[in-house]
Amino acid sequence: MRNWRLRRGITALALALLALPAVPGTALADPSYPFRDPHLPVDARVDDLLGRLTLDEKISWLHQYQPAVPRLGIGLFKTGTEALHGVAWSTDIDNNGAVVKARGTTFPQPVGMASTWNTDLINRVGSAVGDEARGYHAQNPRVWGLNLWAPVVNLLRDPRWGRNEEGYSEDPLLTAKISTAYGSGMTGGDPDHLKSAPTLKHYLAYNNEVRRDVTSSNVPPRVLNEYDRAAFRPAIAADAATGVMASYNLVNGRPATVDPDLATVVRGWTDQPLMNVTDAWAPNNLVASQGYYATQPEANAAIVKAGLNSFITDDTNAQPTVTAIKQALATGLLTEADIDARIREILNVRFRLGEFDPGGGRYGGITPDVINSPEHQRLARQAAGEAMVLLKNSRQALPLDPARTRKVAVLGPLADTLYSDWYGADMPYQVTALDGIRERLGNSASVSGLDGADRIALKDAATGRYVSATGTTDADPVLGTGATPALVAQFDAVDWGQDVVTLRNAANGRYLGYNWGPFITRDEQPNGWYVQQQFKLEPQDDGTVVLRYVGYETTESWFAAEKYVTVGDDGALKLGASTPAAATHFSREVISSGIDRAVAAAKAADTAVLVVGSNPFINGREAHDRASTALSAGQEALVKAVVKANPRTVLVLQTSYPVTMTWEQEHVPAIVWTTHAGAETGHAVADVLFGDRNPSGRLTQTWYRSDGQLPPDLLEYDIISSGQTYLYSTAKPLYPFGHGLSYSRFRYGQARTGDRPVAADGTITVSVDVTNTGSRAGSEVVQLYTHQRTSRVKTPIRQLKAFQRVELAAGQTRTVTLRLPAAELAHWDVTRSRWVVESSTYDLMVGASAEDIRARAAVRVRGETVPARDLSRPTRAENFDGYAGVRLVDETKARGTAVGATAAGQWVSFAGSAVRPGAHTFTATVARAGADAGTIQVRLGSPTGRLLGTATVPSTGDDYRYVSVSAELARAVGTHDVYLVFDSPLRLSEFSIR
């Protein structure tokens, strides 16, 4: 059928071309152009339009803002509208690239959406986001483009990552399932027509924010293929995304912006053209912070050749990009064919979006009426409800009985506040936890709310004057001139952890902020790139405090040393001191204790609902990792006091990441976790607390007992050797991956599978009966984990391979059947650089979490036995089995990975290597920038084992200038673990022993 359509299209194209006037340079927008014929194949239409564009026009389309071509009737096309959990924001080319926030439906943060483990629901959410993107596009296509930058599929390897809220899970399978569902909803699911064009973020191995543009993720081949790539491939392979965004970091020594995967590996996952984009300003980093190329023309040429289509840099100013590309063409670094390849891919996406079809194509009729529609509000409430995870429920503390719950105290810093995040929209309405509970209980109940914050006043110890607000605009400075601690001089101090507090003025409800001076009370919430509403109140020996400003910009190298607040003779606050001694000292007067007020309210209530957690702009965010996952000291003190005052306390934990809270797990009767879940958060909280929704969310990350269970270094990307995530960690967690309770109980029967061995190309089927033994309907997430008993390499302790949500009425039993292609048991074989299913017995574990296994079985799989390494063949050094100290580095700037030693005694090992009779020569391809010679020792059994020989590595003067060296080896026959031990910094790309 497709071949017939292609032949028909080519014939139509030929006839249409014959009908056109052959007058070069005089063409005007004409509806008879073949590229405007929706009946032609996309490739034919792309060819026609590409042939009509001038070289200058094609070059101009490599920038984010692809300019209009009036002579062809083509308008502006912009890559990039943020849509992480709803349409969030875009930029306005007609207003110097100013950010324009959306006010549409806001769904739970991605880590919350994934907690539903409900791909059907997430597909509907994605479809709603795609609809609203179309609605905004109909309002103003110059602001709201249809290329959406979402979802984020970076794995949540370490919960200290600042962008934890943006990802889905630490597990590649769950991440792939949720991202594919979300992306498929946004695309519309039609291979020939796109509702919107999602872009996966951020390729690749990106889990740290501090110095993210200059840090290199060390990712050995197994981790690269089994973990990081595994999260990205499924959505691309399912055509649920139309490209990827390159990440800021380096991967194995090479900036991800020029990762050759983007032109090869990633594009090999689909037969559809992809439109890949850089991250913001990343092209400039190649020359600036990364110093990878000497000039921008070199950098831009490398970006194009690496497979990126859209340069997101210099805001709305495309001229630097255009100039550098033209210089690259003029000097032979690029050809027009290189440009054409990238523009062809851009055009394919634009055609499938319907841009050149009558009426905008299949989805062109979607109007702004869909934005925040009642249907989408209901969907948001469902998503927020299903995302909530019941972590603990002792003695059936939940659900609360609304008929008997007549007096409730809703307490805590998030009780009556909803926070957005950097990639969230402005919520058109808000239902807080306090709102939701009041609505659910109605007027007959008494529901009170308190945030539990200390209300304080700051009195200048030298003058006796108080810090006071004067208004809510930029022209209303905060002054240290108040004669009394009146309401304008009172601030509610909320502790967000690591001693960081916000100060909300009691008179106007606005936050104290720096705003580059003068200090003001303007903002309704902490916000902005630098979040200039952050402070520390540092105690001094004389009993006073000093006010230290800790907005994010204070960590930048260009920020001045003066970070402490001083009060001038005119009363103006400024950053006038670099030390506490030189700062203004304040008396911290407590007007009222937040804990005392909360305790009084809790004692007077039937039930206390305590809502604590994180602020997405403060507790980790893009460009800022977390130092700890602990709940703030102030909030923990509030929890302890309230629980002591009223044992009938329910804890609602609202965070963007896992929290360490062992005291709470031991002492609080019931704990519910939710992420920041959007405008419908309060309804969802009430639905779950009062049993209108039976909780069914499951954790997508391991929750650790302490930061000590995490690697010391956030930059440790090798999860296999370091034992990270539920896959390899042996630590006993607070809550395991997949954990989540219900108001129902579920009984599992025996796991049933076939008795016969399964071939590597066969399918494993596991069936288990699941019974709801509770008194109400509920949903169970049945999870299948596997473990390979024997292997040449270290394999996961357990690994999620399938899951299924099952809805069960009270007393109902259903047979859940999980099917697993045996090919999905494969791991990456470093000896041959390919996937392999090993012959082994595989444990099949079915349960309610990674550690709550209810049924077990085993199956024998007939696969392969990995043969001994043949080191007589050229062996890539990166394919080691073990290592110590070395880093993986870029072999050349364009491609390849080498092993880079940085100090004496570092080594790599190659297990189970066959040393053939007569093999007596070690040959290696090496580079050494240092002036002196270095050495590589060949040893057996260990880094200090039998020495077979030593190769001398001469100085090559450059890390990228390689030479071949060799050394004679002592006789050794048989199978051995071969170690290569380095005496100094050098690079090794490949070697052989013959």
Side-chain angles (χ1 to χ4, degrees), residues 88-89 92 95-96 98-103 413-414 416-422 424-430 432 451 453-458 460 465-482 485-496 500-537 547-554 556 559-560 562-568 570-576 584 586 591 615-619 621 624 676:
W89 53 266
D92 185 357
N95 190 19
N96 297 317
V99 170
V100 181
K101 297 290 290 289
R103 288 183 61 83
L414 291 105
D416 196 27
T417 300
L418 297 185
Y419 289 111
S420 183
D421 55 55
W422 185 250
D426 287 336
M427 289 175 274
Y429 65 96
Q430 297 186 24
T432 68
D451 62 9
D454 283 347
R455 179 158 292 183
I456 66 171
L458 296 174
D460 186 335
R465 297 288 178 172
Y466 289 88
V467 174
S468 304
T470 63
T472 59
T473 73
D474 287 359
D476 300 315
V478 173
L479 301 174
T481 58
L487 203 59
V488 293
Q490 298 177 21
F491 293 86
D492 294 326
V494 176
D495 176 11
W496 296 108
V500 174
V501 300
T502 53
L503 297 169
R504 185 181 64 244
N505 188 256
N508 59 38
R510 305 297 179 91
Y511 285 85
L512 179 67
Y514 172 46
N515 196 39
W516 309 106
F519 285 86
I520 56 175
T521 50
R522 177 196 60 195
D523 300 300
E524 295 181 359
Q525 283 192 358
N527 56 34
W529 180 250
Y530 290 120
V531 193
Q532 296 184 314
Q533 301 82 21
Q534 302 182 81
F535 298 89
K536 290 187 178 182
L537 292 167
L547 189 61
R548 181 180 178 181
Y549 172 62
V550 289
Y552 285 147
E553 76 272 28
T554 59
E556 301 286 353
F559 197 82
E562 290 75 24
K563 299 181 177 69
Y564 288 92
V565 172
T566 58
V567 179
D570 60 354
L573 274 63
K574 67 176 183 178
L575 294 181
T584 296
F586 298 100
I591 307 300
N615 184 313
F617 273 84
I618 293 174
N619 298 111
R621 200 209 66 189
H624 299 278
H676 296 275

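Keep in mind that this is a model prediction, so the values were computed, not measured.
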**Request:** Answer yes if the side chains of D476 and T470 hold a donor-acceptor pair under 3.5 Å, and no otherwise.
**Result:** no
**Message:** Name the residue from L503, V467, L575, V501 that meets the side chain to side chain contact (heavy atoms under 4.5 Å, CB included) definition with L547.
**Reply:** L503
Would you find a donor on one side and an acceptor on the other, under 3.5 Å apart, between the side chain of [X] and the backbone of [Y]?
X	Y	answer
D454	I456	no
W89	W422	yes
Q533	Q525	no
N505	V488	yes
S420	A425	yes
N96	A98	no
R510	G471	no
Q430	T417	no

pair [X]-[Y]: side-chain heavy atoms closer than 4.5 Å:
X	Y	result
L537	F586	no
L458	F491	no
M427	R103	no
F559	Y552	no
I618	Q534	yes
H676	L414	yes

**Message:** Could you go through Y511 and F535, starting from their C-alpha distance and side-chain angles, then the distance that decides it, and tell me whether this counts as side chain to side chain contact (heavy atoms under 4.5 Å, CB included)?
**Reply:** CA-CA 11 Å; Y511 285 85; F535 298 89; over 6 Å; no
Over all atoms of both residues, closest heavy-atom pair of [X] and [Y]:
X	Y	answer
V478	A469	CG2-CA, 4.3 Å
A506	R455	CB-CZ, 3.5 Å
P413	V494	CB-CG1, 3.8 Å
A493	A453	O-CB, 3.5 Å
G571	T481	CA-CG2, 3.6 Å
G482	S468	CA-OG, 3.6 Å

Interatomic distance, [X] atom [atom1] to [Y] atom [atom2] [nearest 0.5 angstrom]:
X	Y	atom1	atom2	answer
Y419	N615	OH	CG	5.0 Å
F617	H624	CZ	NE2	11.5 Å
Q532	N527	CD	CG	9.0 Å

**Prompt:** Among T473, D474, T472, which residue meets the side chain to side chain donor-acceptor pair (under 3.5 Å) test with R522?
**Reply:** D474
**Message:** Assess whether a salt bridge exists between D492 and R504, defined as any Lys/Arg side-chain N lying under 4.0 Å from an Asp/Glu carboxylate O.
**Reply:** yes
**Candidate pair N508 and T521, rule side-chain hydrogen bond (donor to acceptor under 3.5 Å, both in side chains), full reasoning** = CA-CA 8 Å; N508 59 38; T521 50; 3.2 Å; yes
**Prompt:** Are the aromatic rings of Y564 and Y549 close, with centres under 6.0 Å apart?
**Reply:** no
**Message:** I'd like to know whether NZ of K574 has more than 12 heavy-atom contacts from other residues, nucleotides or ligands below 6.0 angstrom.
**Reply:** no
